[in-house]
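Right, one structure below, let's go through it.
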Amino acid sequence: MARAYLGNSPPLSYLRHVSHLHSYTRLPACFPLHVTSSAAPMAHPSLEILGGGCDLFLPALTTLTRPYDAYPIIGSNRHVETIFASFYRSTPDVRLRRECLRTADDGAVALDWVSGDDRLLPPDSPLLILLPGLTGGSDDSYVKHMLVRAKSKGWRVVVFNSRGCGGSPVTTPQFYSASFLGDMCEVVAHVGTRYPKANMYAAGWSLGANILVRYLGQESNACRLSGAVSLCNPFNLVIADEDFHKGFNNVYDKALASSLCKIFKKHALLFEDMGGEYNIPLAANAKTVREFDDGLTRVSFGFKSVDDYYSNSSSSNSIKDVCTPLLCIQAENDPIAPNRGIPREDIKDNPNCLLIVTPKGGHLGWVAGAEAPFGAPWTDPVVMDFLEHLQRGKFEAFSSSNLEGAHRSSEGLHSLEV
C-alpha cells in the first residue's frame, strides 16, 4: 500500500523551495520532512512506498503509478523467480576495458569501463559506479542490463569488482567484506579525480548495496556522491543470517559458500602460514557462508565472532546518517534480504531516503515489466528515472548559478568608472 507520513513539518513555502531544487540539495538526516506533496503522482497500491524523501523524489518516478505485475508462473514463487533470473536472464554483449587499481594496503580491485567511452563521452558526463553482489562481478546479467541502460542515456559507467570477484586480482591475504569500506573510498576518490567535472552516482545490489549504504552513512555530509540506489539490500545481516539457514534458503547458502571457496582456493598460497584465530581449513572447505566468515572474514577484519561481524557490518545502522539522496528498492518476498530487516523507521525519518517494496521479485529477480521474462529487471527504469531526476537538478543548479554570476558581472561593468 502506498503511504504518506505526516510529521512536524517545515513551512510549505520552504517545501516548495526544496521541491524546486529537484532534491540535489542535501538535507541533514535529522530534518523532519515527512509531507507528501499533493502534486506527486499516486503510486499504485501494489507497491509499498515510504520515506522522508517522498515529496522530493516520488514525482519523478512516474512508472510507479502502474501495478507491479509479476510474470506468470515464474513470478508466483520467490525461489523460482530467483533461480530463473540467475540462469535464464539474457546478458547484453558489452565490451569492457579493465583497469586494476592498487589500494593503499597494496591490495587491488578491478574497475571495468565501457570500451570507447573515453573518446565518445564528454568529460562532464554523469558517472555511475556499479557494485555487484557477493562474489558477483561485471559479467553478471543484472549488472550488464543496468550498465547498458545507463550508457544509452549518455552516462559513463564503471563496474567496481571487489577483491577476488569478477576476476579481480587478490594480492594480499585479505578479501573484501561487508565491514570494509576502504576500497570503496579509494574507488570513489580515484574516479572523482579522473573525471573532476562529472557528477558521481552509485548503485549496488545485495552485499554491494550494504557496502554502498554503509559508505553513505560513514561519509555523511562529506560524501562525494550526488545520489545512490540500493537494491535487494540485506540491511540487517544478523536477521539475514538467521533466515539463510531456513528451508530452501540452504541451497543459496551452499552455492554462495562454494563460490567463496573457489575464490579462496585460487589464492590459497597467500594464506599459507596465517596464525592466530584464522581457521584456514574451515574457510577452504566451508559449507555455509557463516563457516567461511568464521574461518577467515571476521578474523581478517578484527571481529570477536561472526555475530559481532554481522551486527557491526549491517547497513541498517547507517541509514540515519545518510545525507545523500538514496533510493532503496526491496522485494517483500526476497529469500536472502528479509523484509523484516528493512529499517523502515529510520528511512521514514530521513528526508534523503525513499523506499519502494514490491510484493514479489525474489532476490535479484524482479521478473516483471515490459522486458520480462528474459530482459532487464523491473527495477532498471525506476533506477534511471531517479538518477536522471537528480542529475537534472544538478544541471539546473549549475546553470542557475552561472546566470547569477553573469548577472553580477554585468552589474559590475555598469558601475565601472573609467
Side-chain angles (χ1 to χ4, degrees), residues 1-3 43-51 61 63-91 130-134 136 140-146 149 203-210 212-213 229-236 239-240 243-244 246-249 251-252 255-256 315 326-344 347 354-386:
M1 181 72 71
R3 302 168 187 169
H44 194 271
S46 61
L47 302 168
E48 178 191 356
I49 298 182
L50 59 87
L61 309 181
T63 58
L64 301 184
T65 58
R66 298 192 288 269
Y68 181 89
D69 289 325
Y71 198 80
I73 301 176
I74 295 170
S76 63
N77 180 281
R78 61 180 183 167
H79 301 302
V80 171
E81 186 167 12
T82 299
I83 294 169
F84 178 89
S86 178
F87 286 96
Y88 299 108
R89 174 168 281 147
S90 64
T91 303
L130 301 180
L131 289 78
L134 179 64
D140 289 349
S141 62
Y142 62 89
V143 175
K144 283 199 168 178
H145 274 290
M146 189 71 255
R149 186 173 296 269
W205 293 265
S206 199
L207 191 67
N210 189 80
L212 174 57
V213 172
V229 181
S230 162
L231 300 113
C232 50
N233 188 342
F235 279 117
N236 188 317
I239 290 176
D243 284 16
F244 222 23
K246 296 176 181 178
F248 193 84
N249 284 6
V251 173
Y252 307 128
L256 286 170
S315 60
L326 172 64
L327 171 64
C328 303
I329 310 181
Q330 304 285 124
E332 186 178 348
N333 69 345
D334 192 320
I336 295 174
N339 184 48
R340 65 192 179 99
I342 301 172
R344 284 175 168 82
I347 291 173
L354 177 66
L355 170 68
I356 302 170
V357 183
T358 58
K360 296 183 179 179
H363 189 71
L364 298 173
W366 285 301
V367 183
E371 297 185 38
F374 299 106
W378 174 89
T379 51
D380 283 11
V382 181
V383 171
M384 281 313 302
D385 283 349
F386 176 76

Of all heavy-atom pairs between Ser90 and His145, which one has the smallest distance, and what is that distance?
-> O-NE2, 2.8 Å
Distance-minimising heavy-atom pair for Ala209 and Leu231 = CB-O, 3.7 Å
Any side-chain heavy-atom pair from Thr82 and Tyr252 closer than 4.5 angstrom?
-> yes
Measure the spacing between CG of Asp385 and OG1 of Thr63 and express it to the nearest 0.5 Å.
-> 5.5 Å
Report yes or no: does Ser86 contribute a side-chain atom to a donor-acceptor pair with the main-chain N or O of Ile83 at less than 3.5 Å?
-> no
Is it the case that more than 12 heavy atoms not belonging to Phe248 sit under 6.0 Å from its CZ atom?
-> yes
Which value, rounded to the nearest 0.5 Å, describes the distance between Leu256 atom CG and Phe244 atom CZ?
-> 4.5 Å
List the atom of Phe235, the atom of Ser230, and the distance in Å for their closest heavy-atom pair.
-> CZ-OG, 4.3 Å
To the nearest 0.5 Å, tell me how far Lys360 NZ sits from Glu81 CD.
-> 8.5 Å
Drop me the distance from Cys232's SG to Asn210's CG, to the nearest 0.5 angstrom.
-> 11.5 Å
Heavy-atom donor-acceptor pair, Gln330 side chain to Asn233 backbone, under 3.5 Å = yes
Donor-acceptor pair, side chain of Asn333 and main chain of Gly361, under 3.5 angstrom = yes
Would a distance-only check, ignoring hydrogens and angles, find a side-chain to backbone donor-acceptor pair under 3.5 Å from Asp140 to Val143?
-> no
Which atom pairs, one a donor and one an acceptor, fall under 3.5 Å between side chains of residues 362-376 and the rest of the protein, sequence neighbours left out?
{"from": "His363", "atom 1": "ND1", "to": "Asp334", "atom 2": "OD1", "distance (Å)": "3.0"}
{"from": "His363", "atom 1": "ND1", "to": "Asp334", "atom 2": "OD2", "distance (Å)": "3.0"}
{"from": "His363", "atom 1": "NE2", "to": "Ser206", "atom 2": "OG", "distance (Å)": "3.0"}
{"from": "Trp366", "atom 1": "NE1", "to": "Thr358", "atom 2": "OG1", "distance (Å)": "2.8"}
{"from": "Glu371", "atom 1": "OE1", "to": "Ala376", "atom 2": "N", "distance (Å)": "3.0"}
{"from": "Glu371", "atom 1": "OE2", "to": "Arg149", "atom 2": "NH2", "distance (Å)": "2.7"}

Find out whether Ile347 and Ile342 are in side-chain contact, i.e. whether some heavy atom of one side chain is under 4.5 Å from a heavy atom of the other.
-> yes
Applying salt bridge (Lys or Arg N to Asp or Glu O under 4.0 Å) to Asp243 and not counting sequence neighbours gives Lys246, Arg340
Is there side-chain contact between Ile336 and Arg78, with heavy atoms separated by less than 4.5 Å?
-> no
Kindly indicate whether the side chain of Leu130, heavy atoms from C-beta on, has any atom under 4.5 Å from the side chain of Trp205.
-> yes
Is the closest side-chain heavy-atom distance between Ile49 and Leu61 below 4.5 Å?
-> no
For Pro359 and Ser46, the nearest pair of non-hydrogen atoms, with its separation, is CD-O, 3.2 Å
Could you tell me which non-hydrogen atom of Gly341 sits nearest to which non-hydrogen atom of Ile239, and how far apart they are?
-> CA-CD1, 4.0 Å
Side-chain touch Val229/Met146, heavy atoms, less than 4.5 angstrom = no
Phe386 side, atom CZ; Leu327 side, atom CG - distance, nearest 0.5 Å | 5.0 Å
Could you tell me which non-hydrogen atom of Leu47 sits nearest to which non-hydrogen atom of Tyr68, and how far apart they are?
-> CD2-CB, 3.9 Å
